[in-house]
Protein chains: 2
Amino acid sequence: MIKIQELDSERLDMAANMLKAIAHPMRIAILKHLEGGKKLTVTQIHELLGIEQSTTSHHLGILKDKGVLCSRREGKNTFYYLKHDVLSQVVDCLERCTCGE
Amino acid sequence: MIKIQELDSERLDMAANMLKAIAHPMRIAILKHLEGGKKLTVTQIHELLGIEQSTTSHHLGILKDKGVLCSRREGKNTFYYLKHDVLSQVVDCLERCTCGE
DNA sequence: ATCAAATATTTATATATTTGCATTTGTAAT
DNA sequence: ATTACAAATGCAAATATATAAATATTTGAT
């Protein structure tokens with residue numbers, strides 16, 4: 001039998017934070033656009049999703065802060081991309097689970 | 001005729017809700033206890049995790065409502081178990097991603 | 001029908017999240 | 001230095017979530 005004490009609670013929090021970062025329709029949509037190692041700028045994402053620039057930046061900030069995305073500045077643009085490409089599989093897996101209700 | 005965009009956003013919401021349900025340290029801990037098709041009662045979980053009965057029931061209700069868990073009543077007890085066992089892999093995957101920061 | 005055990009719900013409070021607007025910061029070109 | 005564009009930040013209102021205490025419901029046993 002496994003006891004809660006044996007589950008690293010710091011690890012649990014980290015996983016929960018990562019999941020919480022992903023668990024938002026707009027942010028899932030962002031991840032789907034970044035699948036396969038694609039790199040997009042804030043403006044590109046804000047236009048693709050049709051949401052405010054500041055809102056887009058905020059969402060990207062959350063994803064970056066929780067270790068889901070990385071970013072690299074190139075001139076005036078900041079490109080965002082997946083830190084671990086496996087994470088897009090998480091989303092795919094979830095969508096498969098939401099299929100046969 | 002249903003518009004594709006509506007379907008997409010409905011699907012996105014469903015996936016987000018499922019993830020949001022999972023994205024909580026206590027609820028991740030619950031999932032880890034249910035890995036491998038195990039079935040546990042509310043009381044067992046509330047004792048394993050050391051949280052209030054009503055809080056436990058509330059968390060289980062969220063997980064069930066969002067399609068993560070199923071439940072079956074047997075006498076006075078209600079057993080909860082994973083609806084899709086793959087979901088515990090999501091958690092494992094995430095924890096692997098939180099490893100090599 | 002009454003009682004006790006197991007769950008679920010209600011309620012209230014505290015806390016966190018989402019969003020858009022306005023503003024600010026960073027970068028490159030003129 | 002000024003302008004222009006890209007991105008990030010501060011703020012505030014609306015909304016959502018977490019928790020626990022108290023209460024209610026369901027079920028089985030007597």
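Every chain is numbered from 1, with letters handed out A, B, ... down the list of sequences.
- In the hydrophobic clustering of ILVMFWY residues, with side-chain heavy atoms under 4.5 Å counting as a link, B/Phe79 and B/Leu49 come out apart.
- Rounded to an integer number of Å, the gap from A/His46 NE2 to D/dA7 C1' is 11 Å.
- A/Leu49 has its CG atom 14 Å from the P atom of D/dA7, to the nearest Å.
- The hydrophobic cluster containing A/Leu48 also contains A/Leu60, counting ILVMFWY residues as joined when their side-chain heavy atoms lie under 4.5 angstrom apart, directly or transitively.
- One hydrophobic cluster, built from ILVMFWY side chains closer than 4.5 Å, cannot hold both A/Met18 and A/Tyr81; they sit in different ones.
- Atom P of nucleotide D/dA16 and atom CG of B/Asp65 are separated by 14 Å, given to the nearest angstrom.
- What separates CZ of A/Phe79 from C1' of D/dA6 is a distance of 11 Å, to the nearest Å.
- B/Lys64 comes within contact range of no nucleotide atom at all, as no heavy-atom separation falls under 4.0 Å.
- A close approach under 4.0 Å does occur between a side-chain nitrogen or oxygen of A/Tyr80 and OP1 or OP2 of D/dA8.
- In terms of the salt bridge (Lys or Arg N to Asp or Glu O under 4.0 Å) criterion, residue partners of A/Lys32 (sequence neighbours excluded) are, by chain and number, A/Glu95.
- Where A/Thr78 and B/Gly75 each meet DNA chain D at their nearest nucleotide, the meeting point lying more 5' is that of A/Thr78.
- For the pair A/His24 NE2 and D/dT17 P, the computed distance is 11 Å after rounding to whole Å.
- Note that the first and last nucleotides of DNA chain C, 5' to 3', having any atom under 4.0 angstrom from a heavy atom of chain A are C/dT17 to C/dA28.
- Under the 3.5 Å distance criterion, the side-chain polar atoms of B/Ser57 are left unmatched by any main-chain donor or acceptor of B/Gln53.
- Side-chain contact between B/Lys39 and B/Tyr80 is absent, with no heavy-atom pair separated by less than 4.5 Å.
- Between the side chain of B/Arg72 and the main chain of B/Glu74, no donor-acceptor pair closer than 3.5 Å is present.
- In the hydrophobic clustering of this structure, B/Ile62 does not group with B/Met26; members are Ile, Leu, Val, Met, Phe, Trp, Tyr whose side-chain heavy atoms approach within less than 4.5 Å, directly or through other members.
- Checking side-chain atoms of B/Asn17 against main-chain N and O of B/Asp13 turns up a donor-acceptor pair under 3.5 Å.
- The interatomic distance linking B/Asn17 (CG) with D/dA16 (P) rounds to 11 Å, in whole Å.
- Taking every heavy atom of residues 26-45 of chain A and every atom of DNA chain D, pairs under 4.0 Å involve A/Thr41, A/Val42, A/Thr43, by number.
- If you take CD of A/Glu47 and P of D/dC5, they are 13 Å apart, rounded to a whole angstrom.
- Residues A/His59 and A/His24 form a side-chain contact, since some pair of their non-hydrogen atoms from C-beta on lies under 4.5 Å apart.
- Shown here are the ring pair (Phe, Tyr, Trp, His ring centres under 6.0 Å) partners of A/His58, two or more places apart in sequence or in another chain: there are none.
- Judged by closest nucleotide on DNA chain C, A/Ile51 is the one of A/Ile51 and A/Arg73 placed further toward the 5' end.
- By the rule that hydrophobic residues join a cluster once side-chain heavy atoms approach within less than 4.5 Å of another member, B/Ile51 and B/Val68 end up as members of one cluster.
- The side-chain heavy atoms of B/Thr78 and B/Arg73, taken from C-beta on, include a pair separated by under 4.5 Å.
- Rounded to 10°, the helix from C/dA1-D/dT30 to C/dT30-D/dA1 has 20° between the axis fitted to its first five pairs and the one fitted to its last five.
- DNA chain D lies under 4.0 Å from at least one heavy atom of each of the following residues of residues 52-59 of chain A: A/Gln53, A/Ser54, A/Ser57.
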Test A/Leu31 against A/Val90 for side chain to side chain contact (heavy atoms under 4.5 Å, CB included), laying out the working first. CA-CA 10 Å; A/Leu31 296 196; A/Val90 170; over 6 Å; no

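- Judged by closest nucleotide on DNA chain C, A/Lys20 is the one of A/Glu74 and A/Lys20 placed further toward the 5' end.
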